[in-house]
Enquirer: 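This is the structure, below, for whatever I ask next.
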Amino acid sequence: VRWTDTERKHITTIWSHVDQEQAGHEALTRLLVVYPWTQRYFKKFGNLGNASAIAGNSHVRNHGKTVMGAVDLAIHNLDHVADTYTKLSILHSDTLHVDPHNFRLLSNCLSIVLAKFFPGEFNASVQASWQKLLDVICSALSKKYH
Ligand code: HEM
């Protein structure tokens, strides 16, 4: 994957203003509310019975932060995301058996959250750069599926 200077700038500028815990929490909450079948992977998180239980669940909050940590790692390793994600891909495939279609759903939830956080800055060209990043992340996570 090649990145232009503009794409790198779009990604790092937005990211430098993101509260990772809040963004992770909102994106993961959105995923679990809007696509309830994704709850099946998170049984050990306890009560995900309705939108307010999901939003108030501390495991959801912690895990959202963990996921944003992986996004942060990708942003710091833009030129070799697939290598950086090797173990994470094996985990989601062989151990967690997460259907990789769900990666795209979470990515889209994150885009919506960023658009909400930065209504001015997250314009069409910034979104295109972010879409590319999220595509690269989804593809890196899906790489070890067989
Ligand atoms: C665990 C990242 C999407 C289900 C994790 C971990 C990370 C991560 C960093 C922790 C790994 C560890 O403990 O070593 C990501 C990223 C995603 C993504 C970057 C996409 C942008 C998803 C999706 C699902 C999912 C869409 C399910 C719908 C899980 C589960 C765990 C996990 C069940 C284990 C949670 C636990 O045991 O506490 N993920 N993930 N992930 N992920 Fe993902």
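Index from 1, following the sequence. Ligands are counted one by one from 1 in listed order, and the atoms in each one are counted from 1 as well.
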Enquirer: For ligand 1, which of its N or O atoms have a protein N or O partner closer than 3.5 Å, and how long is each gap?
Expert:
{"from": "ligand 1", "atom 1": "37 (O)", "to": "K44", "atom 2": "NZ", "distance (Å)": "2.8"}
{"from": "ligand 1", "atom 1": "39 (N)", "to": "H92", "atom 2": "NE2", "distance (Å)": "2.9"}
{"from": "ligand 1", "atom 1": "40 (N)", "to": "H92", "atom 2": "NE2", "distance (Å)": "3.0"}
{"from": "ligand 1", "atom 1": "41 (N)", "to": "H92", "atom 2": "NE2", "distance (Å)": "3.1"}
{"from": "ligand 1", "atom 1": "42 (N)", "to": "H92", "atom 2": "NE2", "distance (Å)": "3.0"}

Enquirer: Does either side chain, that of N57 or that of H59, offer a donor lying less than 3.5 Å from an acceptor on the other one?
Expert: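 Side chains of N57 and H59: no pair found under 3.5 Å.
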
Enquirer: So F103 and Y145, would you call those rings parallel, tilted or perpendicular, with 30° and 60° as cut-offs?
Expert: perpendicular

Enquirer: Report the residues that fulfil salt bridge (charged side-chain N to carboxylate O under 4.0 Å, His left out) with D94, sequence neighbours left out, ordered by chain and then residue number.
Expert: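 For D94 there are no salt bridge (charged side-chain N to carboxylate O under 4.0 Å, His left out) partners, ignoring immediate neighbours.
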
Enquirer: Checking E21 side chain against K65 main chain: does a donor-acceptor pair fall under 3.5 Å?
Expert: no

Enquirer: Apply ring-ring contact (aromatic ring centres under 6.0 Å, His included) to Y35 and list each qualifying residue two or more places apart in sequence or on a separate chain.
Expert: W37

Enquirer: Taking ring-ring contact (aromatic ring centres under 6.0 Å, His included) as the test, write out the residues that go with F42, two or more places apart.
Expert: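 Testing F42 for ring-ring contact (aromatic ring centres under 6.0 Å, His included), a comparison that skips the adjacent residues, returns F45, H63.
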
